[in-house]
Every structure is written in C-alpha cells, then in structure tokens.
Amino acid sequence: MDTVISNGGLNGLGLKKVLVVGAGGVGCELLKNLGMSGFERVTLIDLDTIDVSNLNRQFLFRKEHVGQAKAKIAAAAIEKMLHGKCKVDPIVGNIKEERFSAKFFGEFDVVLNALDNLDARRHVNRMCLNAKVPMVESGSTGYLGQVTVVHPGKTECYDCNPAPVPKTYAVCTIRSTPEKPVHCVVWAKQLFELLFGPEDESNLLADLAKNDEDAAENGATPMAEGRSLQWDRKQSSEDFAERVLKRVFWNDVLRQREVAEETWKTRAPPEPLDVLKIAKQNADADAPTNLLDQLVWTKEQNAKCIFGVLKRFVERRNDEIGNIQFDKDDDDVLAFVTSAANLRASVYGVELSSAFAVKGIAGNIIHAIATTNAIVAALIVLETIKIVTIDQGTDPKDASLTTYVKRFPNSTRRGKFLVQTERLQAPNRACFVCSKGRLELEIDLSRKLQFLIDKVVRGNLGMINPSIYATTAGNVNIIYESGEGLEPDEVEMYESNAKKSLSDLNVGSGSTLEIGDISQSLNLSVLVTHNPALGSEADPVEFSVTGSIPESASAEAPSSAVEEEALQRSNGNKKRRRKDDGVVFVPTSKKEKLQMLSDMIEIE
Ligand SMILES: Nc1ncnc2c1ncn2[C@@H]1O[C@H](COP(=O)(O)OP(=O)(O)OP(=O)(O)O)[C@@H](O)[C@H]1O
Ligand SMILES: [Zn+2]
C-alpha cells in the first residue's frame with residue numbers, strides 16, 4: 001500500500017477527477033483498482049444499502065455494515081485501505097435525479113459506470129454526451145463481461161446500438177399451452193400484476209379477468225372491466241383467496257380444456273386443481289417459509305403457500321393493492337409467484353421449480369461471479385488510464401477498445417482467448433441520442449397515451465420526464481408534459497389525456513410526435529404509423545421503433561449545430577421550432593454485437 005505515489009502520482013492520475021456510478025460487485029473492485037493505481041479524487045454514487053446477499057462478492061462490505069449506505073461504507077473502506085491517499089467522496093442518491101445535471105457531470109475527467117440496469121446506463125450516457133465527458137461502460141453477467149468506451153461525438157454512444165428486446169412469449173403459450181417452467185413463471189408474474197399491480201391494458205391475462213362469470217355467482221361485485229379478479233374491498237381475505245383460486249386453477253382450466261380441444265389430441269389435457277381443498281385438507285403440511293433454499297415444494301405446500309399469501313396481501317397490505325410492483329426481493333411476491341407457477345405447472349404436467357429457481361427466472365437473474373467482476377473492473381481501469389493520459393490529437397478510436405469476457409475461449413489464428421477486443425466504431429448516424437436521428441413508430445392508435453408514455457417513451461426511449469407535442473396536418477398540440485414546475489390544472493389535464501387513446505388525441509398515421517426530456521437535453525422527432533395488428537395474438541410485439549437518418553444531417557458527420565429546441569417555454573407561452581419532415585432512410589443494420597448487459601439476458 002505504501003507504494004502509492006502521491007502529488008498527482010504516476011502520469012498525473014492523482015489529479016484526475018473520476019465519477020464512479022454504482023458500488024456493487026463491479027464497483028467495489030473498481031474503487032480498489034482506482035485507488036491502487038494512483039487515482040486520488042473519486043466521487044462515488046450509489047442509491048442502495050448493503051444487503052446480506054452482497055457480502056459474498058462486494059468485498060468492501062462486512063456483516064456489520066448490512067443496512068447501511070453502500071456509497072458511504074465503500075468510501076470509508078477505500079480510504080482506510082489506502083491510508084487516506086485516495087479520497088472517495090460518497091453520494092447516496094439516484095444518478096437519474098435532476099441535481100446530477102450536465103454541469104455536475106462536466107466537472108469530471110471521466111465517468112465510470114458500474115451499474116446493473118439499462119435505464120441508469122442510458123441516462124448516464126446521455127448526460128455524458130451533454131457534458132462531453134468520456135464514459136466507460138461495463139456489464140458483468142455470470143461468466144460474461146463487457147467493457148467499452150464512449151468518446152462523445154467521436155465514437156458510438158450507448159444508444160447507437162438498439163437495446164436487445166427482452167424475450168417475449170406468444171400469448172397463447174402463456175395463456176393456454178405452457179410447456180416449460182418459464183412459461184408458468186411468466187404466467188404467475190402476469191397474474192400477480194393483474195391482481196395487485198397497477199392497471200395495464202397489455203397484461204397477457206387481461207381477458208382472464210374479463211369473462212368472470214363466477215364473480216356474480218360468488219356474490220362479488222364485478223370491478224371495472226378487466227379487473228374483476230381483483231380484491232373487492234367488501235370481500236374478506238378468505239373469500240378473495242377462494243375466488244381467485246377457484247377461478248384460475250379450476251374454472252379457467254376447464255374452459256381451456258374445451259376451447260383448445262384440438263391441442264389435447266397431441267398432448268395431455270390440463271387437470272383442474274381444487275387448490276383450496278388441497279390447502280385445507282393438508283392442514284398439517286407446513287407452508288414453506290424459507291424462500292432461498294433450493295428445495296422444490298410439494299403440490300400441498302404450494303397450495304398452502306398461495307392460500308396464505310393471497311390472504312396476507314388483503315390482511316396486511318390492502319392499502320398497497322393496485323400499486324404493488326413485481327419485486328423479486330419482496331418475500332410475499334416471490335412466495336406468490338413461486339406457488340402460482342408451480343400449481344400451474346401441476347395442472348399442465350410441467351415440472352415444478354424451487355423458489356430459488358423461480359426468483360432467478362422471474363427476475364432474469366444470472367448469478368454474479370466475483371472473478372468476472374474482477375476482470376471487468378480491471379479492464380475499466382485500463383481504459384480509464386488510457387482516456388486520461390491520451391495525447392491530444394490521438395484518435396480515440398486508436399486508443400480505446402471494447403473488450404468482451406467470454407465463457408468459452410474463441411479460437412483465432414493466434415490461439416484461444418477468453419478475452420476478446422474490438423475497435424470502437426464511429427457514431428451511428430441514425431442514433432436518436434447522439435446523432436439526432438429520426439424515429440419511426442408503428443403502433444395501434446387505439447392504445448392509450450399512458451401506454452405510449454410508459455412503454456415507448458420511458459421504456460424504449462429511456463426518457464425520465466417527457467413532454468410530447470403532436471403535429472397532425474400542420475396543427476401542433478401539446479398532449480403531455482411532466483416534471484417539476486407544472487401548474488395543478490396542467491397536471492390534471494395531462495393525467496386526463498393519459499387515459500385517452502392516441503386517436504382521440506388527434507394522433508394519426510403520418511402525425512409527428514416531438515418528444516423531449518429537458519433533464520436529458522434530448523428532443524426527438526417521431527413519425528407515427530398506425531398498425532392495428534400490433535399487440536394481437538398473432539403479432540405479440542406491441543409496437544416498433546426504428547431509427548433513420550434525418551435528411552438535414554450532414555453527409556460527413558453528425559453535427560451538434562443541428563441541435564434543435566423543439567420544446568421551449570417563453571413568457572408562460574409554449575413555443576416551438578420544428579425541424580423539416582425529411583424523407584426517411586432506413587440505415588443498414590449494425591454489425592452484430594454480443595449482448596451481455598445483465599438485465600437483458602434472455603431466459604431461455
Ligand atoms: N440509478 C442508480 N443510481 C445510483 N446507483 C445505482 C442506480 N442503479 C443501480 N445502482 C447501483 O449499482 C450497483 C450495481 O451493482 P450490482 O450489479 O452488483 O448489483 P447489486 O444490487 O449490488 O447486486 P445484485 O443485483 O446482484 O443483488 C448497485 O449497488 C446499485 O445500487
Ligand atoms: Zn448514439
């Protein structure tokens with residue numbers, strides 16, 4: 001430790017200001033490497049507290065730190081380890097908060113991502129582009145790892161390659177012909193969201209709730225359309241549990257046997273289960289309590305578990321019902337999803353799974369491997385040193401690299417390698433983030449504005465506080481705004497708009513949406529095409545977004561001078577400037593890349 005050089009250190013690394021985002025598996029390794037390499041001025045942001053499950057690989061944390069802020073404990077551990085030579089400034093917070101503005105990012109020489117989710121990565125990418133600060137991006141998933149560098153305006157940004165779409169399943173497989181545990185887990189998650197989550201018209205089981213003939217039969221008042229399986233406030237917890245169980249494991253299974261008669265000629269038909277009877281008859285079979293061992297529960301245990309947990313939601317968490325998000329770390333949620341998936345599996349003759357396995361499938365988890373994290377963190381530091389010591393005038397494409405850590409060595413003429421490098425590419429001229437590319441959106445216009453906001457604008461485009469202007473036949477309409485500074489009547493108006501369909505808001509085929517997020521300094525032009533077939537059983541893809549090169553972009557390079565201010569406020573009046581509607585070119589497809597980001601790995 002005493003070998004650390006001070007006074008700016010070797011190559012002046014000690015004077016460089018580094019921002020590290022994330023103090024998890026990769027972050028802990030990275031902080032140690034930075035300190036040991038001679039970096040002395042590090043700012044560290046993490047929003048989370050230390051969990052017992054972090055201790056096996058996040059080696060800066062000890063048992064006594066559980067429950068405390070990661071950023072603070074990691075900073076203190078590094079300072080102690082390096083006798084105060086490396087000063088780590090901890091910030092407990094979400095990097096997406098507005099206080100972390102482009103000015104904040106601009107104070108650093110380099111930003112290092114050690115994150116575990118796509119949203120935060122995309123946001124940091126945008127902030128670094130705005131602040132013109134180089135960023136090192138990383139990912140680690142099981143045996144696979146990836147490190148790459150973004151030099152704003154000079155190399156590809158994080159959004160230049162469209163994110164892989166998470167695996168979706170044909171609605172009918174989930175709804176009526178599950179064959180694998182994963183199909184049952186996806187179904188159970190959907191059922192959970194239907195019963196306890198926010199209203200979502202794209203829930204795969206929405207129709208299950210609609211034909212609720214037995215709601216009336218059981219004396220329950222049918223709720224709003226599509227929600228009749230939900231808890232009716234007048235209902236006891238036991239009645240609610242009975243109704244749900246009878247509905248999904250008995251009545252609906254009988255219906256599936258009739259409806260899909262053809263299917264059962266080639267495979268065994270589903271067998272309805274009287275879950276309530278099983279749960280009550282086996283009063284002495286223990287309901288499972290340990291969710292993390294790898295035992296597979298029996299049918300009886302699953303029955304007891306689901307009956308218990310359904311009642312528990314009503315008895316203890318009724319004020320949250322309608323707003324509970326799926327969370328793999330919420331024990332009630334995991335107990336529900338495991339037992340529901342396993343009972344479904346029993347009905348369809350699919351093998352049952354342990355809660356541990358279900359947690360992995362439902363949360364898309366691939367267990368972290370400390371060695372991969374260590375390799376990734378080492379690569380991040382190598383790229384960082386190159387960035388901060390690079391000679392002015394050197395093309396960053398000649399210095400920085402993308403590196404993949406692979407599970408199996410690939411053979412090359414020079415031998416077999418577990419680590420493979422690739423040159424950085426120039427920005428994708430159709431990228432809507434760094435090159436002002438135009439976007440085309442195909443969507444069913446009977447969808448609600450809320451769907452557009454949640455799935456397209458926040459989900460697909462990665463915006464946080466969007467504003468949306470629609471232009472149809474030359475008329476401009478402000479249909480949505482969010483973020484701070486809105487008047488109460490505006491908030492009310494936009495909430496009411498969110499419930500309307502896009503066509504009711506005058507958005508038609510050929511309309512242009514100008515979608516902006518001031519916090520990300522991002523404004524986009526999106527050309528809309530109506531496609532009523534999207535999101536149907538035959539075509540489960542709910543919408544499609546494709547990038548294109550705007551006609552106005554210069555042939556040589558994307559220019560930040562093309563920057564437009566589509567959304568501008570002045571004197572309380574909203575004014576806007578519009579970019580020409582250019583002819584749209586579809587870009588040639590980008591080279592195939594290994595997709596290793598931890599949260600996007602396919603389940604199968
Ligand atoms: N928006 C964000 N702002 C700040 N920190 C974030 C943000 N999103 C994620 N992080 C932090 O990034 C780190 C990622 O680390 P890692 O992948 O090891 O995840 P983990 O939550 O510690 O472990 P696991 O998910 O494997 O249980 C976490 O500490 C997490 O709190
Ligand atoms: Zn880009």
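Side chains included, hydrogens not; waters and symmetry mates left out as well; all remaining heavy atoms used. Order of appearance sets the numbers: ligands from 1, and atoms from 1 within every ligand. All figures in this text were calculated on a predicted structure; none of them were measured in a lab.
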note = Candidates G24, G93, A368, A74; heavy atom nearest atom 4 (C) of ligand 1 found on G93
ask   = Backbone, side chain, both or neither: what part of H123 comes under 4.0 angstrom of ligand 1, heavy atoms only?
value = neither
ask   = Strictly by modelled atom types, are D454 and Q450 linked by a side-chain donor-acceptor pair under 3.5 Å?
value = yes
key: Polar atom proximity, I45 to ligand 1 (N or O, under 3.5 Å)   = no
query = So between E29, E97, R57, whose heavy atom ends up nearest atom 23 (O) of ligand 1?
reply = R57
message = Any nitrogen or oxygen of K96 lying under 3.5 Å from a nitrogen or oxygen in ligand 1? Just yes or no.
response = no
query = Rounded to 10 degrees, what angle sits at the Zn ion (ligand 2) between C157 SG and C160 SG?
reply = 120°
query = If you measure from each non-hydrogen atom of V26 to ligand 1, which part falls under 4.0 Å: side chain, backbone, both or neither?
reply = neither
inquiry  = With a 4.5 Å cut-off on side-chain heavy atoms, are T402 and L424 touching?
reply    = yes
message = Quick check on contacts: which atoms of ligand 1 are under 4.0 angstrom from a heavy atom of A114?
response = 12 (O), 13 (C), 14 (C)
query = Would you say S53 has any N or O atom under 3.5 Å from an N or O of ligand 1, going by distance alone?
reply = no
ask   = Which one of R423, K386, K154 satisfies the salt bridge (Lys or Arg N to Asp or Glu O under 4.0 Å) criterion with D398?
value = R423
request  = Check whether any side-chain heavy atom of V405 sits under 4.5 Å from a side-chain heavy atom of L379, and report yes or no.
outcome  = yes
remark   = Judged by heavy atoms only, the candidate from D116, D119, L115, L44 nearest atom 25 (O) of ligand 1 is D116
request  = Please note down the angle at the Zn ion (ligand 2) between SG of C434 and SG of C431, to the nearest 10°.
outcome  = 110°
request  = May I ask you to check whether K328 has an N/O atom sitting below 3.5 Å from an N/O atom of ligand 1?
outcome  = no
inquiry  = Working note: E481 + Y494, criterion side-chain hydrogen bond (donor to acceptor under 3.5 Å, both in side chains); need CA distance, chi angles, decisive distance, verdict.
reply    = CA-CA 7 Å; E481 287 185 301; Y494 295 134; 2.8 Å; yes
ask   = Counting heavy atoms only, which of D46, N56, T49, D48 comes nearest to atom 29 (O) of ligand 1?
value = D46
query = Does the side chain of K16 reach to within under 4.5 Å of the side chain of F39, using non-hydrogen atoms?
reply = yes
key: N125 and M135, any side-chain heavy atoms less than 4.5 Å apart   = yes
message = Between K72 and D46 (salt bridge meaning N to carboxylate O under 4.0 Å), is one present in this structure?
response = no
